[in-house]
Engineer: 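Pasting in a structure now, in structure tokens, and then I'll have a few things to ask.
Values in this document were obtained by computation on a predicted structure and should not be read as measured data.
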Amino acid sequence: MAQRILITGAAGFLGSHLCDALLAQGNEVIGVDNFDTGSADNLAHLMGEARFRFEELDICKPFDIGAVHGVFNFASPASPVDYMRLGIETLLVGSAGTLNTLEIAKKYGASYLHASTSECYGDPEVHPQVESYWGNVNPVGPRSVYDEAKRFSEAAVAAYHRYHRVNTHLVRIFNTYGPRLQANDGRVISNLMMQALRGEPLTVYGNGSQTRSFCYCSDLIDGIVRLSKTDEHEPTNIGNPVEWTILECAREVQKLIGVEGDILFQPLPQDDPKQRKPDITKARRLLGWEPKVMLREGLEKSLDYFKACVAREKNGRQSTAA
Ligand code: NAD
């Protein structure tokens, strides 16, 4: 049955892909965003769509867009560059913002799905990370504005289920990439792709032996939509468990783009996790879900988008110089 759904953070990378997926299933979608880190470009293709409505608003202030069947809470700065620049805003959106959206779900009896993160595991001592692991987070370090806000959000979501019986879902998202990822927000894939396409040396932090696992956006959205239809309230990891060192990933990007450029090694940022790999046993069992797009294919699918970003940069520079 078609539903009326609220998506917060709709103008962001994942929020906009989620709008597409839920509209494609025949639903009516109301997207909200304050454009802190998102872009109207990500929603431009939906502006003629009768079942889509957009409202520019900050979810940290109470709001009401009318009755909905489902709430997907994706609003939050997400890259280290963004959340360290917007530290207080990140704490607020992960606390007041989450509570405001939970109130909407409670008021209208809507289901609720919160975009949580592998950052809840911090710099993990358990590998791969399984949902039952409570994490190793520095509560006062530079990343804490994000990690602790996300952990607070998880507590709030669990409490609204426990005290108010809201049908809540918690997805712990591991590194996800694809078209519409902000070009210059310092995330691994966008950084490497943009640098390689500009013909610059690729930046690798530390000696590049730290590992990450990279999930392509369509796989992630598929897992999230499946999770939203279950009765599972405990956190569920969604990510691609194939583990890459950052150096291997940089070499893969160079191979794809056909450049051999240098690698520039930079000091490791404080509290940078040494390894990240989701244990997706639960998602496989519960959702019958499995990532399908491996790194090489996902990079190929993202290439045109990053090429367009580099071209826009060049045009911008030319028009400023003119
Ligand atoms: P993004 O920055 O592209 O999108 C976040 C969106 O939220 C932006 O459009 C931003 O403007 C909006 N926003 C921020 N504060 C807001 C506020 N107060 N009111 C309304 N809108 C607000 O990031 P993304 O990668 O699409 O991440 C989406 C969600 O998924 C975030 O909650 C993030 O923590 C989570 N997540 C993403 C990843 C990933 O790899 N992309 C990994 C783990 C978790």
Engineer: Please confirm whether the backbone N or O of D272 pairs with a side-chain atom of Q210, one donor and one acceptor, at under 3.5 Å?
Structural biologist: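 Judged by distance alone, no pair lies under 3.5 Å.
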
Engineer: With side chains defined as the heavy atoms from C-beta onward, is the minimum distance between V93 and P77 less than 4.5 Å?
Structural biologist: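 Counting from C-beta outward, V93 and P77 do come under 4.5 Å.
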
Engineer: Please test V71 against I5 for side chain to side chain contact (heavy atoms under 4.5 Å, CB included), starting from the C-alpha separation and ending with a verdict.
Structural biologist: CA-CA 6 Å; V71 177; I5 290 169; over 6 Å; no

Engineer: Test side chain to side chain contact (heavy atoms under 4.5 Å, CB included) on R53 and V29; report intermediate values, then the result.
Structural biologist: CA-CA 6 Å; R53 194 176 104 209; V29 172; over 6 Å; no

Engineer: Between Y160 and Y112, is the gap from one ring center to the other below 6.0 Å?
Structural biologist: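 No; Y112 has its ring centre 6.0 Å or more from that of Y160.
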
Engineer: For the pair E28 and R4, find out whether any cationic side-chain nitrogen is under 4.0 Å from an anionic carboxylate oxygen.
Structural biologist: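 Judged by the 4.0 Å cut-off on N to carboxylate O distance, E28 and R4 do form a salt bridge.
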
Engineer: Donor-acceptor check, side chain of E232 to backbone of E234, threshold 3.5 angstrom: yes or no?
Structural biologist: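 It does hold such a pair.
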
Engineer: May I ask you to say whether E103 pairs ionically with K107, meaning some side-chain N is under 4.0 Å from a carboxylate O?
Structural biologist: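 No.
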
Engineer: Shared ILVMFWY cluster between V242 and V293, side chains joined below 4.5 angstrom?
Structural biologist: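 Yes; tracing contacts between hydrophobic side chains, which count when under 4.5 Å, links both residues.
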
Engineer: Examine F152 together with Y146 and report whether their ring centres are nearer than 6.0 Å.
Structural biologist: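 So the answer is no for these two rings.
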
Engineer: Group every Ile, Leu, Val, Met, Phe, Trp and Tyr by side-chain heavy-atom contacts under 4.5 Å, then state whether I257 and L202 land in the same group.
Structural biologist: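 Linked, I257 and L202 end up in one cluster.
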
Engineer: Quick one, D222 with Y216, criterion side chain to side chain donor-acceptor pair (under 3.5 Å). Give me CA distance, side-chain angles, the key distance, then yes/no.
Structural biologist: CA-CA 10 Å; D222 175 34; Y216 189 67; over 6 Å; no

Engineer: Taking 4.0 angstrom as the limit, do D20 and R180 come out as a salt bridge?
Structural biologist: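 Result for this pair is yes, salt bridge flagged.
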
Engineer: Would the distance check show the side chain of T101 and the main-chain N or O of N73 forming a donor-acceptor pair, the cut-off being under 3.5 Å?
Structural biologist: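 Not a single qualifying donor-acceptor pair exists.
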
Engineer: Output yes when a side-chain donor or acceptor of N27 lies under 3.5 Å from a complementary backbone atom of Q3, and no otherwise.
Structural biologist: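 Such a contact is found between N27 side chain and Q3 backbone.
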
Engineer: Heavy atoms, side chains only, cut-off 4.5 Å: are P291 and I280 in contact?
Structural biologist: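 They are in contact (side-chain heavy atoms under 4.5 Å apart), so the answer is yes.
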
Engineer: Does S39 reach the side chain of N42, with side-chain heavy atoms less than 4.5 Å apart?
Structural biologist: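 Yes, side chains in contact.
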
Engineer: Would you compute the distance between atom NZ of K150 and atom OG of S95 and round it to the nearest 0.5 angstrom?
Structural biologist: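 If we round to the nearest 0.5 Å, K150:NZ and S95:OG are 11.5 Å apart.
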
Engineer: Can you get from L256 to I246 by hopping between Ile, Leu, Val, Met, Phe, Trp and Tyr side chains that sit under 4.5 Å apart?
Structural biologist: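 Shared cluster, yes.
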
Engineer: Can I7 be reached from I65 by stepping across I, L, V, M, F, W or Y side chains whose heavy atoms are under 4.5 Å apart?
Structural biologist: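 Unlinked, I65 and I7 end up in two clusters.
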
Engineer: Which atoms form the tightest heavy-atom contact between F13 and T176, and what is the distance?
Structural biologist: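 Scanning both residues, the minimum pair turns out to be CE2-O, 3.5 Å.
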
Engineer: Going by distance alone, is a donor N or O of one side chain under 3.5 Å from an acceptor N or O of the other, for T203 and Q195?
Structural biologist: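 There is such a pair between these side chains.
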
Engineer: Looking only at the side chains, is there a donor atom on one of Q182 and D82 sitting less than 3.5 Å from an acceptor on the other?
Structural biologist: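 D82 and Q182 do have a side-chain donor-acceptor pair below 3.5 Å.
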
Engineer: Are L43 and I221 connected into the same hydrophobic cluster when the rule is that any two of I, L, V, M, F, W, Y join if their side-chain heavy atoms are below 4.5 Å apart?
Structural biologist: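 Yes, because I221 and L43 connect within a single hydrophobic cluster, where side-chain heavy atoms sit under 4.5 Å apart.
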
Engineer: Indicate yes or no: at least one non-hydrogen side-chain atom of M194 is less than 4.5 angstrom from one of C309.
Structural biologist: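 Side chain of M194 against side chain of C309, heavy atoms only: contact under 4.5 Å found.
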
Engineer: I need the N167 CG to H69 NE2 distance, nearest 0.5 Å.
Structural biologist: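 Atom-to-atom, N167:CG and H69:NE2 are 13.5 Å apart.
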
Engineer: Does the side chain of Y121 come under 3.5 Å of the side chain of D147 through a donor N or O and an acceptor N or O?
Structural biologist: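 Absent: no donor and acceptor within the cut-off.
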
Engineer: Salt bridge or not between E252 and K255? Use side-chain N to carboxylate O under 4.0 Å.
Structural biologist: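 Salt bridge present between E252 and K255.
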
Engineer: How long is the gap from CD on E56 to CG on D33, to the nearest 0.5 Å?
Structural biologist: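 E56 CD to D33 CG: 8.0 Å, rounded to 0.5 Å.
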
Engineer: Is there a donor-acceptor pair closer than 3.5 Å between any side-chain N or O of N100 and the backbone N or O of I59?
Structural biologist: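 It does hold such a pair.
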
Engineer: Can you tell me if N240 and S213 form a side-chain donor-acceptor pair at under 3.5 Å?
Structural biologist: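 No, because no side-chain N or O of N240 sits under 3.5 Å from a partner of the opposite role on S213.
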
Engineer: Any heavy-atom pair between the side chains of I263 and R251 that's under 4.5 Å?
Structural biologist: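 Touching, per the 4.5 Å side-chain cut-off.
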
Engineer: Tell me whether R172 is salt-bridged to D279, with the criterion being a basic N under 4.0 Å from an acidic carboxylate O.
Structural biologist: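 No, no charged N to carboxylate O under 4.0 Å.
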
Engineer: Quick one: does D64's side chain have a donor or acceptor within less than 3.5 Å of a partner on G66's backbone?
Structural biologist: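 Yes, the answer is positive, given that a donor and an acceptor are paired below the 3.5 Å cut-off.
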
Engineer: Please give me the minimum heavy-atom distance between P241 and P278, naming the atom from each residue.
Structural biologist: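 Heavy atoms of P241 and P278 come nearest at CB-O, 3.6 Å.
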
Engineer: Taking the side chain as every heavy atom from C-beta outward, state whether I224 and L227 have any atom pair closer than 4.5 Å.
Structural biologist: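 No, side chains not in contact.
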
Engineer: Please answer whether the main-chain N or O of T245 pairs with a side-chain N or O of E248 as donor and acceptor at a distance below 3.5 Å.
Structural biologist: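 Yes; at least one donor-acceptor contact below 3.5 Å.
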
Engineer: Using a 3.5 Å distance criterion without hydrogens, assess whether the side chain of D58 forms a donor-acceptor pair with backbone atoms of N34.
Structural biologist: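 Absent.
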
Engineer: Pair E300, R296 - check salt bridge (charged side-chain N to carboxylate O under 4.0 Å, His left out), show working.
Structural biologist: CA-CA 6 Å; E300 278 165 10; R296 179 59 185 243; 3.3 Å; yes

Engineer: Between the side chain of D219 and the main-chain N/O of K292, is any donor-acceptor distance below 3.5 Å?
Structural biologist: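 Answer holds: yes.
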
Engineer: Looking at every heavy atom in both L287 and R226, which two are closest together, and how far apart are they?
Structural biologist: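 Minimum heavy-atom separation between L287 and R226: O-NH1, 2.9 Å.
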
Engineer: Closer than 4.0 angstrom, basic N to acidic O: yes or no for E313 and R198?
Structural biologist: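 Judged by the 4.0 Å cut-off on N to carboxylate O distance, E313 and R198 do form a salt bridge.
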
Engineer: Set out, in order, the CA-CA distance, both residues' side-chain angles and the distance that settles side chain to side chain donor-acceptor pair (under 3.5 Å) for E154 and S116, then state yes or no.
Structural biologist: CA-CA 7 Å; E154 287 204 0; S116 191; 2.5 Å; yes

Engineer: Assess whether side chain to side chain contact (heavy atoms under 4.5 Å, CB included) is satisfied between F63 and L6, documenting all intermediate values.
Structural biologist: CA-CA 12 Å; F63 66 102; L6 166 65; 4.1 Å; yes

Engineer: Using a strict threshold of under 4.0 Å (side-chain N to carboxylate O), is an ion pair present between R151 and E148?
Structural biologist: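 Here E148 pairs with R151 in a salt bridge, since their nearest N and O are under 4.0 Å apart.
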
Engineer: Can you see which heavy atom on L299 is nearest to which on M193, and at what distance?
Structural biologist: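 Heavy-atom minimum between the residues: O-CE, 3.6 Å.
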
Engineer: Measure the spacing between OH of Y177 and OG of S190 and express it to the nearest 0.5 Å.
Structural biologist: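 Answer for the OH-OG pair, Y177 versus S190, is 12.5 Å.
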
Engineer: Grab the two heavy atoms, one from N138 and one from S144, that are nearest each other, plus how far apart they are.
Structural biologist: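 Smallest interatomic distance, heavy atoms only, reads O-CB, 3.4 Å.
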
Engineer: If you compare all heavy atoms of Y108 against all heavy atoms of V68, which two are closest, and at what distance to 0.1 Å?
Structural biologist: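 The answer is CB-O, 3.7 Å.
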
Engineer: Short question: side chain of H17, backbone of P179 - any donor-acceptor pair under 3.5 Å?
Structural biologist: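 Between the backbone of P179 and the side chain of H17 there is a qualifying donor-acceptor contact (under 3.5 Å).
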
Engineer: Roughly how far, to the nearest 0.5 Å, is the CD atom of E49 from the SG atom of C19?
Structural biologist: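 One finds 10.5 Å between SG of C19 and CD of E49.
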
Engineer: Please examine the side chains of V171 and H114, heavy atoms only from C-beta on, and report whether any two atoms are closer than 4.5 Å.
Structural biologist: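 No, side chains not in contact.
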
Engineer: Could R212 and E243 be called an ion pair, given the rule that one side-chain N must be under 4.0 Å from one carboxylate O?
Structural biologist: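 No.
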
Engineer: For a 4.5 angstrom cut-off between non-hydrogen side-chain atoms, does N175 reach S118?
Structural biologist: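 No, their side chains stay 4.5 Å or more apart.
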
Engineer: In plain terms, say whether K274 and E125 are close enough for a salt bridge, that is, a side-chain N and a carboxylate O under 4.0 Å apart.
Structural biologist: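 Result for this pair is no, no salt bridge flagged.
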
Engineer: Mark yes when over 12 heavy atoms from residues, nucleotides or ligands other than E260 sit less than 6.0 Å from its CD; otherwise mark no.
Structural biologist: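 It does not: E260 CD has 12 such atoms or fewer within range.
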
Engineer: Between atom CZ of F74 and atom OG1 of T8, what is the distance when rounded to the nearest 0.5 Å?
Structural biologist: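 Spacing of CZ (F74) from OG1 (T8) equals 8.0 Å.
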
